[in-house]
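Note that the structure is a prediction, hence the values are computed from the model and not measured. Throughout, residue positions are numbered sequentially from 1 according to the sequence presented.
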Amino acid sequence: METRVHPPVAAALRLCLHALLLGLLALAAVKAVSDGDSRSAGVVVVSCVLAAVYAAGALAPVVQPGTRAGACWLAVLGALWLVLLALSPDGLWVAFPLYFLQLHLLPMRWGLPAVVVTAAAAITSFLVHGQAVTPGTFIGPVLGAAVAVATVFGYDALFRESERRRELIEELVSTRADLAAAERTAGTLAERERLAREIHDTLAQGLSSIQLLLRAAERTLEPDAPAAPLVHQAREAAQDNLAEARRFVRALTPPDLENGSLAAALERLSARTTDSALTVQFAVSGTPVELPTPYEVALLRTAQSALANTVQHAGARRAEITLSFMDTSVSLDVVDDGHGFSPGLRPAASDNTSPDSATGTGGFGLPAMRSRARSLGGTLSVESAPGQGTAVALTLPLPVGPNGQDSA
């Protein structure tokens with residue numbers, strides 16, 4: 001049997017076992033002396049030796065369950081007990097603590113036969129000493145063995161259940177810590193995205209408009225007009241601050257976009273998601289152009305959300321991500337061959353990003369995607385049907401200024 005590490009219960013059981021065995025040995029010795037038995041001296045000597053061997057083994061650190069030292073110690077105790085049985089019929093009561101020792105120190109395939117042999121030896125000694133044969137002669141040792149086996153099995157089951165609960169609690173604590181860390185990270189990233197979007201939509205756009213207005217004003221002024229230098233300085237200040245605002249937006253870019261382009265981030269996302277159950281392919285259509293950070297964030301987050309639901313709910317074997325650059329717009333398509341669902345059957349309040357409607361649970365995936373699309377003047381469409389897969393498409397108009405460049 002394995003070593004049990006359950007201090008309060010195990011310590012109490014060990015103390016009770018020690019007291020029981022030593023008490024029974026003392027009882028056998030005292031009874032032999034009080035009865036005036038001619039073999040009382042031998043009973044006392046064997047009882048003392050048995051108690052000494054038991055104490056030495058109980059204190060020895062090498063005597064452990066399942067070890068050779070434990071088996072040898074148990075064999076010595078058994079041999080001394082047989083000698084005690086031969087001298088006094090009262091030694092049979094020592095069989096009861098021996099049952100527990102055998103079940104504790106020996107593997108179960110050896111412990112149970114040892115208990116049976118011990119019970120048989122106890123009954124035999126009673127008959128050999130010519131004691132009156134009663135039903136208790138047989139029932140006592142057998143019932144003691146049954147109680148010992150039931151107690152050990154019951155404690156073993158309780159211990160395993162306690163260990164399972166302890167492991168479950170540790171897993172729950174670890175999962176809660178991981179979830180809290182993930183929520184903090186998600187909150188941080190969401191706040192970074194919000195700040196980047198706010199800076200882009202307010203400060204950067206405003207500074208860009210100021211710069212354009214000052215440039216137009218500069219064209220209408222005569223070169224030697226007194227206000228011309230001031231307008232020029234104001235336009236340069238607006239241009240410098242616009243560049244600074246763009247640097248802030250880039251600094252708040254999600255980590256996946258920090259080390260490369262949007263296409264590279266989507267390529268890495270496809271590679272991370274691909275496994276033995278799902279193959280994800282990524283393709284770029286058209287001529288890539290530089291996109292504002294809010295556009296890249298919206299496209300990347302849409303791909304992440306759609307793929308997450310494909311993995312969790314769609315049961316798909318294949319998915320494709322396509323980033324398409326057109327003359328006046330950019331679009332992202334995420335298509336899978338999974339279970340599909342019926343988008344029209346769900347209320348908008350429980351809209352989700354994937355065919356998880358079959359589970360009866362709603363989420364905020366599609367509303368979040370649509371909100372992003374609307375904030376950038378784009379559209380989001382979802383096409384799906386039961387058994388026909390799902391296609392999520394996000395289309396954003398390219399923002400252009402007077403010279404065909406990004407207005408922000």
Side-chain angles (χ1 to χ4, degrees), residues 175 178-179 182-183 185-186 189-190 193 254 256 262-263 265-286 291 294-326 328-397:
T175 302
D178 293 342
L179 181 59
E183 288 178 347
T185 302
L189 293 177
E193 291 180 24
D256 287 336
L262 173 62
L266 292 173
E267 182 73 34
R268 290 192 297 270
L269 174 64
S270 301
R272 286 198 307 267
T273 310
T274 296
D275 56 21
S276 58
L278 175 65
T279 300
V280 182
Q281 292 187 340
F282 170 69
V284 178
S285 175
L291 298 173
Y295 278 55
E296 293 186 336
V297 171
L299 293 166
L300 176 61
R301 292 305 187 213
T302 299
Q304 290 173 333
S305 183
L307 266 189
N309 282 280
T310 296
V311 172
Q312 296 173 12
H313 307 290
R317 299 290 301 173
R318 181 182 177 85
E320 295 182 359
I321 302 176
T322 304
L323 180 63
S324 303
F325 293 91
M326 292 164 279
T328 59
S329 63
V330 58
S331 66
L332 176 80
D333 298 280
V334 182
V335 182
D336 66 61
D337 61 355
H339 303 313
F341 67 109
S342 300
L345 296 181
R346 294 191 302 168
S350 63
D351 208 353
N352 207 335
T353 60
S354 74
D356 58 352
S357 58
T359 67
T361 60
F364 301 97
L366 282 177
M369 290 185 198
R370 290 194 173 109
S371 176
R372 288 182 188 276
R374 283 195 298 268
S375 68
L376 297 174
T379 59
L380 180 80
S381 62
V382 179
E383 296 180 2
S384 183
Q388 298 184 17
T390 303
V392 178
L394 173 63
T395 302
L396 301 175

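One distance of note links CD of E267 with CG of L323; it measures 11.5 Å at 0.5 Å rounding. Between the CG atom in L332 and the OG atom in S324 there is a gap of 8.5 Å [rounded to 0.5 Å]. For the atom pair R272 CZ and T274 OG1, the distance stands at 10.5 Å (nearest 0.5 Å). I321 CD1 to Q304 CD: the interatomic distance, rounded to the nearest 0.5 Å, is 9.5 Å.
Taking 4.5 Å as the limit, some side-chain heavy atom of L266 sits within range of a side-chain heavy atom of L300. L278 places a side-chain heavy atom less than 4.5 Å from the side chain of T273. A 4.5 Å side-chain heavy-atom check between L299 and L291 finds at least one atom pair inside the cut-off. When side chains are defined from C-beta on, T310 does not count as touching T390, because their heavy atoms never get closer than 4.5 Å. Between V334 and T302, every side-chain heavy-atom pair lies at or beyond the 4.5 Å cut-off.
Residues satisfying the salt bridge (Lys or Arg N to Asp or Glu O under 4.0 Å) criterion with R318, sequence neighbours excluded, are E320.
Residues G340 and S384 approach most closely at CA-OG, 3.3 Å, considering heavy atoms. Contact detail for V330 and Y295: the closest heavy-atom pair is CG1-CD2, 4.4 Å. Among all heavy-atom pairs drawn from E296 and L262, the shortest one is O-CD1, 3.7 Å. Scanning all heavy atoms of the two residues, the minimum distance from D337 to A316 falls at OD1-CB, 3.3 Å. For the pair A263 and F282, the tightest heavy-atom approach, listed with the atom from each and the gap, is O-CE2, 3.5 Å. The minimum heavy-atom distance between L394 and A298, with the atom names listed, is CD2-O, 3.9 Å.
Between the S305 side chain and the R301 main chain, no donor and acceptor come within less than 3.5 Å of each other. The backbone N or O of S331 sits nowhere less than 3.5 Å from a side-chain atom of T395 that would complete a donor-acceptor pair.
Within the structure, salt bridge (charged side-chain N to carboxylate O under 4.0 Å, His left out) contacts touching residues 304-317 (residues at least two apart or in different chains) do not occur.
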